[in-house]
Amino acid sequence: MSRFQIIRHGLLVRGRARHFSSVSLADIDHFRTVLPPHAILTTLPTVATAPVAPAELDQYNRDWMGKYTGKATTVLKPRTTHEVSKIVKWCNEREIAVVPQGGNTGLVGGSVPLHDELILSLASMNNVRSFDPVSGILIADAGCILQSLTDYVAPYNHIMPIDLGAKGSCHIGGNVATNAGGLRLLRYGSLHGSVLGLEVVLPDGTVLDQLTSLRKDNTGYDLKQLFIGAEGTLGVITGVSLLTPPAPQASNNVILALPHFDNVQPLYRKVKRALSEILSAFEFIDRAAYDLAVKHGQGRALNPEDVEGAECFVLVETSGGRREHDEEKLTDLLAELLGAEKPLINTGVLSQSPAQFSSLWALREGVTEAVSKEGKAYKYDISIPLAHFKTVVDSTRKHLGVKGLLGDHAVKHVVGYGHVGDGNLHLNIVAAAYTDEIQDALEPFVYELVSSYRGSISAEHGIGAMKTHALHYSKDEVSIALMRKIKAIFDPRGIMNPGKVLE
Ligand SMILES: O=C(O)CC[C@@H](O)C(=O)O
Ligand SMILES: [Zn+2]
């Protein structure tokens with residue numbers, strides 16, 4: 001087996017360590033016995049189905065950021081677990097590599113092929129299988145869009161335990177496969193806790209049916225946990241059972257402008273103490289990220305005089321059971337913050353209506369969108385102690401300056417935002433283009449910095465294709481060796497999403 005490296009889109013990407021079979025006309029003939037013609041998109045010239053133009057596969061081959069592009073000739077869209085099983089079994093026998101794909105909204109190149117792997121889109125598996133309004137347990141196909149599940153449970157007064165900027169397109173199966181974190185983690189915890197059961201098609205086509213809806217099940221190894229965050233490298237998640245929490249009766253939010261980053265920590269302590277059980281989010285946006293969000297029309301900008309001199313912003317959300325009680329707590333907190341002898345904040349803007357509530361959230365949720373409108377983003381999603389958030393952003397900016405890479409034609413902005421409550425910083429370097437020069441300046445610089453704080457190189461976005469070579473910054477040799485053994489047990493032929501998570 002040879003290991004080689006390839007250059008794609010100006011970025012060095014480690015290539016697969018073995019050769020897989022390409023999808024052939026005979027394979028397409030076989031898939032036609034499993035799927036109806038419209039569920040097979042192929043650029044191969046088949047007799048029975050007119051080939052699609054290569055451009056029609058772009059949305060499947062290219063990731064959301066336009067950073068990773070594969071060369072898949074074929075996309076299959078099964079509607080049932082049985083169909084997934086038949087397809088995967090065939091691919092395993094033929095040694096065709098398979099990339100399971102949900103909404104393709106990932107940020108680490110995990111959901112697109114690196115070469116000509118077959119893309120297995122779960123988009124047509126989008127039915128809710130059951131919902132129990134008493135327990136709040138939802139069982140859904142993996143291809144259900146997060147927003148549609150949110151809408152589905154809303155009339156029952158439930159919410160999804162996860163919320164992301166990409167909710168309008170991401171799939172619940174992809175959320176689980178990548179162990180997506182998002183904006184509600186502070187309150188509802190990670191998917192390792194909310195997911196009660198999974199249905200997974202293993203690489204040999206076997207269906208692992210663990211789609212239970214038990215809160216408690218202490219019967220040995222909890223196998224489903226292995227697939228949560230495996231990024232499709234161990235099998236294809238086809239069904240998800242998860243616990244949805246009751247909808248809060250009242251939600252409020254406030255955006256606070258802070259004169260100094262150093263105030264974030266004491267503010268967080270104060271907010272936690274004052275709001276206690278109703279605090280549901282504490283999100284951070286630095287000044288550069290805020291300015292980009294405003295520039296690209298994300299949410300409602302605060303009054304310019306109110307944000308003068310603000311170094312960063314914090315968005316606080318409360319979710320509780322009684323509106324008057326929650327509002328009283330929040331307004332008391334604001335009065336205390338603004339009335340303090342040495343105020344931690346310059347100003348606070350409290351939402352007064354559902355529209356304002358959404359608009360304040362848009363300032364935070366819209367940063368990713370704003371960054372993508374501004375240029376090409378190098379994204380680092382790191383866990384480090386909150387005290388070092390600013391140092392990491394500042395050191396990266398300084399380092400790029402020393403390398404002579406700051407300026408409109410190279411790196412335009414270095415911004416930081418994220419989930420303070422979870423110790424998760426999103427460091428985005430926004431450039432005019434993806435270039436090897438910028439890439440080389442950033443790596444291993446950022447990973448070494450993170451490692452110096454004993455942080456994680458991926459807090460919530462996963463490893464994908466982007467960070468396989470950097471896994472050792474966050475996992476020791478023993479852990480990586482065990483991960484390889486687990487991969488070999490589930491997927492001895494290595495067909496499942498090769499080149500992702502593990503090199
Ligand atoms: O785009 C990013 O880097 C972060 C995306 C997402 O995790 C967020 O928290 O907004
Ligand atoms: Zn995030």
Side-chain angles (χ1 to χ4, degrees), residues 63-68 102-111 146-147 160-170 174-175 177-191 229 231 253 255 280-286 288-290 292-293 296 298-299 312-317 358 360-384 386 389 392-393 396 411-431 434 442-443 446 450 455-464 466-467:
D63 78 322
W64 185 83
M65 298 177 296
K67 189 174 178 188
Y68 301 91
N104 197 11
T105 57
L107 299 171
V108 289
S111 57
L146 180 58
Q147 182 64 55
M160 293 299 284
I162 176 171
D163 185 23
L164 308 174
K167 54 187 158 250
S169 352
C170 64
N175 297 150
T178 56
N179 186 24
L183 307 161
R184 289 188 179 149
L185 194 132
L186 180 72
R187 166 63 71 90
Y188 300 109
S190 94
L191 286 171
E231 302 182 45
N253 62 6
I255 195 152
S280 53
F282 191 96
E283 295 281 318
F284 168 75
I285 321 172
D286 74 9
Y290 171 86
L292 273 185
H296 292 287
Q298 308 292 321
C312 59
F313 301 82
V314 160
L315 187 144
V316 175
E317 185 197 61
S358 307
L360 290 190
W361 259 121
L363 277 169
R364 163 62 189 88
E365 280 186 291
V367 178
T368 298
E369 184 87 26
V371 159
S372 78
K373 287 184 175 155
E374 183 73 7
K376 297 291 182 193
Y378 296 80
K379 289 184 178 287
Y380 297 93
D381 157 44
I382 60 187
S383 270
I384 45 163
L386 166 58
F389 275 26
V392 166
V393 179
T396 306
V411 172
K412 301 185 191 178
H413 312 276
V414 179
V415 306
Y417 56 106
H419 319 285
V420 163
D422 314 325
N424 178 187
L425 173 70
H426 295 307
L427 169 69
N428 281 206
I429 292 88
V430 193
Y434 291 126
L442 289 169
E443 292 178 25
V446 174
V450 172
S456 169
I457 59 152
S458 177
E460 60 170 1
H461 295 167
I463 297 297
M466 177 184 169
K467 303 176 199 167

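Predicted model only: the values in this text are computed from it and were never measured. When a ligand or atom number is given, it counts from 1 through the structure's own listing order.
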Report task. Indicate the ring-plane relationship of His419 and His426, choosing parallel, tilted or perpendicular according to the 30° and 60° boundaries. Result -> perpendicular
Report task. Mind telling me whether Phe313 and Tyr290 have parallel, tilted or perpendicular rings, with 30° and 60° as the class edges? Result -> parallel
Query raised in the report: Hey, is there an N, O or S on Glu460 sitting under 2.8 Å from the Zn ion (ligand 2)?
Result: yes
Query raised in the report: Taking 2.8 Å as the cut-off, does an N/O/S atom of His426 lie below it from the Zn ion (ligand 2)?
Result: yes
Do side-chain atoms of [X] reach the backbone of [Y] as a donor and acceptor pair under 3.5 angstrom?
{"X": "Asn428", "Y": "Val430", "result": "no"}
{"X": "Asp381", "Y": "His461", "result": "yes"}
{"X": "Lys467", "Y": "Ser458", "result": "no"}

**Report entry** Salt-bridge contact Glu365-Lys167 (side-chain N to carboxylate O under 4.0 Å)
**Finding:** yes
Requested in this report: Let me know which protein residues bring a heavy atom to under 4.0 Å of ligand 1; chain then number is fine for ordering.
Outcome: Leu107, Arg364, Thr368, Lys379, Tyr417, His419, His426, Asn428, Glu460, His461
Report summary line: Rounded to the nearest 0.5 angstrom, the OH-OG1 distance for Tyr378 and Thr396 is 14.0 Å
